[in-house]
Amino acid sequence: SQKCGIQEPASFVKFISLAKLSLPEMTSTGSEADLKAKLRELIIDEQELTAALIDRVKGFIRLTRDGKVVFMVPLEKLPIWARVLLYLAGKRLAKEAGLIENDVATIEEISSAIGADYFSTAGRLKELKDQQLVQTVERGGYIVQLAKLHEILDKVEKALGSRTAG
């Protein structure tokens with residue numbers, strides 16, 4: 001078509017007509033709702049602990065009624081990094097169970113609870129933080145996310161397997 005002496009290229013006209021056809025499909029509320037539902041699958045609900053995951057945890061640690069973490073595996077069989085992860089996981093689970101108010105632990109608390117010296121514990125905490133298995137929440141305070149519990153247990157089980165096999 002010609003307007004004011006300028007001719008629109010046929011490919012441009014074809015693009016515009018195709019865009020008009022697909023526009024209603026892109027903005028339909030049905031597909032938008034489907035997309036939002038699909039995106040919700042990405043959300044991790046920390047309240048959702050599976051029975052199987054809790055059973056796996058019970059093989060390594062238990063909790064007292066006042067929220068203390070008790071190791072079910074002899075500490076000498078666990079590398080320090082595994083002790084740190086299990087202790088922090090126990091603290092987090094104790095908080096989730098309503099046994100304690102706060103799951104943040106200091107290096108002093110962790111090293112005392114796992115039977116390791118301060119500097120070894122601090123070194124392992126830095127490595128675990130670099131691996132994004134542990135987070136710092138305040139100066140000198142450490143936690144683990146329940147979302148990482150599956151990964152933590154996998155690592156600990158693998159470490160125990162390699163120690164018992166060799």
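Values reported hereafter were calculated over all heavy atoms of this structure, with side chains retained and with hydrogens, waters and symmetry mates removed.
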Closest approach of T121 and A116, non-hydrogen atoms and distance?
OG1-CB, 3.6 Å
Where do S120 and I80 come nearest, in terms of heavy atoms and distance?
CB-CD1, 3.8 Å
Give, for atom CZ of F119 and atom OG of S111, the distance between the pair rounded to the nearest 0.5 Å.
10.0 Å
Taking only residues two or more places apart in sequence or in another chain, which ones pass side-chain hydrogen bond (donor to acceptor under 3.5 Å, both in side chains) with T106?
E108
In terms of hydrophobic clusters joined by side-chain contacts under 4.5 Å, are L153 and I114 together?
yes
Could you list the residues that satisfy salt bridge (charged side-chain N to carboxylate O under 4.0 Å, His left out) with K129, not counting sequence neighbours?
none
Please enumerate all residues that pass side-chain hydrogen bond (donor to acceptor under 3.5 Å, both in side chains) together with E109, with sequence neighbours excluded.
Y87, K91
K95/E101 under side-chain contact (heavy atoms from CB on, under 4.5 Å): CA gap, chis, key distance, verdict
CA-CA 6 Å; K95 180 182 176 191; E101 294 285 318; over 6 Å; no
Which heavy atom in I107 sits nearest to a heavy atom in A122, and how many Å separate them?
CD1-CB, 3.9 Å
Under 3.5 Å, side chain of R83 to main-chain N/O of L75, donor-acceptor pair present?
yes
Less than 4.5 Å apart, any side-chain heavy atom of Y142 and any of V137?
no
Please collect all salt bridge (Lys or Arg N to Asp or Glu O under 4.0 Å) contacts where either partner lies in residues 110-127, sequence neighbours excluded, each pair once.
R124-E127, K126-D130
Out of curiosity, I152 CD1 to D154 CG, how far, rounded to the nearest 0.5 Å?
10.0 Å
Who passes side-chain contact (heavy atoms from CB on, under 4.5 Å) against N102, sequence neighbours left out?
V104
Tell me the closest heavy-atom pair linking I110 and A105, and the distance in Å.
CG1-CB, 3.7 Å
Could you check whether any side-chain N or O of R62 sits under 3.5 Å from a backbone N or O of V70, counting only pairs where one atom can act as donor and the other as acceptor?
no
Non-neighbouring partners of E151 that pass salt bridge (charged side-chain N to carboxylate O under 4.0 Å, His left out), sequence neighbours left out:
K148
Look at the side-chain heavy atoms of Ile, Leu, Val, Met, Phe, Trp and Tyr, link any pair under 4.5 Å apart, and say whether I54 and I100 land in one connected group.
no
Heavy atoms, side chains only, cut-off 4.5 Å: are L149 and V144 in contact?
no
With K68 via side-chain hydrogen bond (donor to acceptor under 3.5 Å, both in side chains) - residues at least two apart:
D66
What one should report as the nearest heavy-atom pair of G59 and M72 is O-CB, 3.8 Å
V73: partners by side-chain contact (heavy atoms from CB on, under 4.5 Å), with sequence neighbours left out:
F60, K77, L78, L160
Only residue of V84, L86, L85 satisfying side chain to side chain contact (heavy atoms under 4.5 Å, CB included) with L88 is V84
Taking salt bridge (charged side-chain N to carboxylate O under 4.0 Å, His left out) as the definition, give me every residue that meets it alongside K155, ordered by chain and number, with sequence neighbours left out.
none
What closest approach, in Å, do A82 and V156 show between heavy atoms, and which atom pair accounts for it?
CB-CG2, 3.9 Å
Can you tell if the side chain of L125 reaches within under 4.5 Å of the side chain of W81, non-hydrogen atoms only?
no
Would you call L93 and L146 a side-chain contact if the rule is heavy atoms closer than 4.5 Å?
yes
